[in-house]
Number of protein chains: 2
Amino acid sequence: MEISERKYKILEAIIRNYLETGEPVGSRTISKYTDLNLSSATIRNEMSDLEELGLILQPHTSAGRIPSDQGYRLYVDHMMATRSMELDERAKELEDMKTFLTDKVDKVEELLQNVAKLLASNTNYASVVSTPKLSTNKLKFIQLTKVEPTKLLTVIVLDRNVIRNRIIELDQELSDDVVLKMNLMLNTALNGLSLEQMNLSLVSALRAQAGEYEGIINTIIDTIAQVIAGEDNLKIYTSGATNIFKYPELSDSTKASELINTLEEKQVLSNFIVNSLDSEESSETHDGIQVYIGNENSISTMQDCSVVTATYDLGEGMRGAIGIIGPKRMDYEKVVDSIKSLKSQLGSVLTDSKEPPK
Amino acid sequence: MEISERKYKILEAIIRNYLETGEPVGSRTISKYTDLNLSSATIRNEMSDLEELGLILQPHTSAGRIPSDQGYRLYVDHMMATRSMELDERAKELEDMKTFLTDKVDKVEELLQNVAKLLASNTNYASVVSTPKLSTNKLKFIQLTKVEPTKLLTVIVLDRNVIRNRIIELDQELSDDVVLKMNLMLNTALNGLSLEQMNLSLVSALRAQAGEYEGIINTIIDTIAQVIAGEDNLKIYTSGATNIFKYPELSDSTKASELINTLEEKQVLSNFIVNSLDSEESSETHDGIQVYIGNENSISTMQDCSVVTATYDLGEGMRGAIGIIGPKRMDYEKVVDSIKSLKSQLGSVLTDSKEPPK
DNA sequence: GTTAGCACTCATTTCATCCGAGTGCTAACA
DNA sequence: TGTTAGCACTCGGATGAAATGAGTGCTAAC
């Protein structure tokens, strides 16, 4: 069976109505709600067809219809295809965002937490934001300082001024001289290199050079490797978990508990996001926005939810993700808009703060 | 009316039973549950008295009794007074904790998050852990490094090797020489000082010394001040928020939502903890453990909860808090034990890692 | 192809009834 | 005087029957 223009309009009307109310919608409602000027009986016939097509379904006889996952899918695809251009009327709102984002934030950490909050309160769903994943980190420079006789403070500065520090415990005492020499040695050898570029031959050359301090050099190199690698571990910020209580279909005790737990634990989310980051590279769908309806996402505790994700891009392979988790009857339009704008905002805010403003 | 030994035993029996079941408990149950060998009728008489004393109450006629807040209070006070000594039989459990805590943790942040997790999963309630609040931070040393022509990396090391870094943007370019000189100047002037000790005269002397770089010195001193002050902002880690769904009296949609929201937002908790840290200095109650039953705590969304908190002490005025939030029918004994042991564990773990092991 | 009409379905609401856990009180007992 | 048995009473919760009404599918007419 072909899906006619009229059928789609009816489907859309059903979905729109259901998004608002969360209640199954009947033929009479549609008959009035649309400008199709059709009687409820006609609508019923069409609905019967739509049901046969698998786009809507009845919770039980004598109830109205609700959209099926396929129905949502058709609706979302259609929406994404038609209205991908019209983002301008939200300009003011965006300005607010920008000031909110840049206002009094001095750490990326806080910034991202704020983004999550913003997104959650804007949409009334739960939100997720990840730190950017740095695909190829380069060492900008490294600095060793003695803080105590047997403790070495290691400050490691990566590309884009990402700074990390570790304290290294030594089993022997070092003179200031030696520390200075090591600083020089390490910086000369390693600066500007990514983790992959610090290959074995380089390292063994360094070791040889270090002489009796070989052990310490080893420890330091290990530390650097750990730090760079550690940046691969996404950090996840969530917000608005309690928004799910606004949607009865998600707020029964067990479902809500599982869902909030997933948001709290973050590990599962992290995996999901990593996948999403990787997979998106290939399947560039609609402006880099992906919509997972119901069981289209792989997280078991979220089978009753829809998830909308986007990646933000900071250039040079640094990409993170932002996402929304809500009920299947989500206001996809609004969410997609919000995410879309935030995606670009975030890209520019984070990039601006690293480079001179244009 | 005086509360006799027997009355207390009955009260205790009621509470114990209610902690387990969450159901109002009747006279017949008590008659069998205790070894008092009294008929249900006698118990009823006593219960009537206990109710008159305000220690228990009836949800409605023809229901059993449940403990009132006052009842819990009496029970908790009694418990704290009698059994404060017997902590030894938990020794094994503690060992597990210790390894769990020290295992693969390299940052205090992660450690504290783990503590929260541990506490939550041990008790089946929600847990809160704060970072230690440093009452008097001293500057150990400061180090400036040029990372880009107009960007200065400032590494600030405080007492106990707390390390913070900031990037300072400059409006002029500095030569390596000048940076070196500034390093020396700042360190000579400020090392070992607390924020209070960096008084105005000291700062203006520094400024004078800086000559044309006065502006930069100002910025740097501001940054230092900010960092030290910033350490006052407790960070709060929570875990096990979803445990509250295990207790029907807390898991109705609105209550749960509000409660979890409070845990998620953290701001309210932070205030509460700061208060608790301050107030505890004066009122050293039972081993530094405080129990707030029902509306004894000031947080509106937690009026149906009990909160048990303790402070952990790292010496030299560094104190943080750990806490448990659960239903009023909380297993106070177990919670108090868990918190008590964790309190000391935490003190020693965090202290060990800063000092040579004994 | 559209619509009016009608019989039918079934979740939800309402209402009355029943059940039983638990109480308070009284009277008898040790 | 304290304890206990007995009994009438209360009231929340469970059970089930009946009423309600939103919504459908089908048929027949337009």
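Lettering follows sequence order; numbering is per chain, from 1.
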Spacing between [X] atom [atom1] and [N] atom [atom2], to the nearest angstrom:
X	N	atom1	atom2	value
B:Arg6	D:dG2	CZ	P	9 Å
A:Glu52	D:dT24	CD	P	16 Å
A:Asn37	C:dA4	CG	P	12 Å
A:Arg28	C:dG5	CZ	C1'	14 Å
B:Met47	C:dT23	CE	C1'	10 Å
A:Ile43	C:dT3	CD1	P	9 Å
B:Asn17	C:dG22	CG	C1'	14 Å
A:Tyr18	D:dA22	OH	P	19 Å

Side-chain donor-acceptor pair under 3.5 Å between A:Gln290 and A:Tyr292, yes or no?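 Yes, A:Tyr292 and A:Gln290 have a side-chain donor paired with an acceptor closer than 3.5 Å.
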Could you check whether B:Arg44 and B:Ser27, counting side-chain N and O atoms only, form a donor-acceptor pair closer than 3.5 Å?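 A pair is found: one side chain offers a donor N or O, the other an acceptor, under 3.5 Å apart.
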What about B:Arg65: does its side chain form a donor-acceptor pair under 3.5 Å with the base of C:dG24?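 Per atom types, no contact qualifies.
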Once hydrogens and angles are ignored, does a donor-acceptor distance under 3.5 Å link the base of C:dT9 to the side chain of A:Ser62?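 Flag set: donor-acceptor pair detected.
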Among the nucleotides [options], which one has an atom lying closest to any side-chain atom of [X]?
X	options	value
A:Leu38	D:dT24, C:dT3, D:dT3	C:dT3
B:Arg44	D:dT24, C:dC25, C:dG22	C:dC25
B:His60	D:dG12, D:dG25, D:dA5	D:dG12
A:Ala41	C:dA4, C:dC10, D:dC11	C:dA4

Report the relative orientation of the aromatic rings in B:Tyr75 and B:Tyr332; use parallel for angles under 30°, tilted for 30 to 60°, perpendicular for over 60°.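 Perpendicular.
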State whether A:Asp304 and A:Lys328 are salt-bridged, where the test is any N-O pair (Lys NZ or Arg NE/NH1/NH2 against Asp/Glu carboxylate O) under 4.0 Å.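 Salt bridge absent between A:Asp304 and A:Lys328.
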Do the charged groups of B:Glu333 and B:Arg16 touch, with an N to O distance under 4.0 Å?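 Counted as a salt bridge, because a side-chain N and a carboxylate O are separated by less than 4.0 Å.
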Just name whichever nucleotide pairs with D:dC30, Watson-Crick or G-U, keeping both distances under 3.5 Å, else none.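 Result: C:dG1.
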Between A:Thr61 and B:Thr42, which is nearer to the 5' end of DNA chain D once each is assigned its nearest nucleotide?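 On the 5' side of the pair lies B:Thr42.
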Within the 4.0 Å heavy-atom criterion, would you say A:Ser27 contacts the bases, only the backbone, or no part of the nucleic acid?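 If one applies the 4.0 Å heavy-atom cut-off, A:Ser27 turns out to touch the sugar-phosphate alone, with no base involved.
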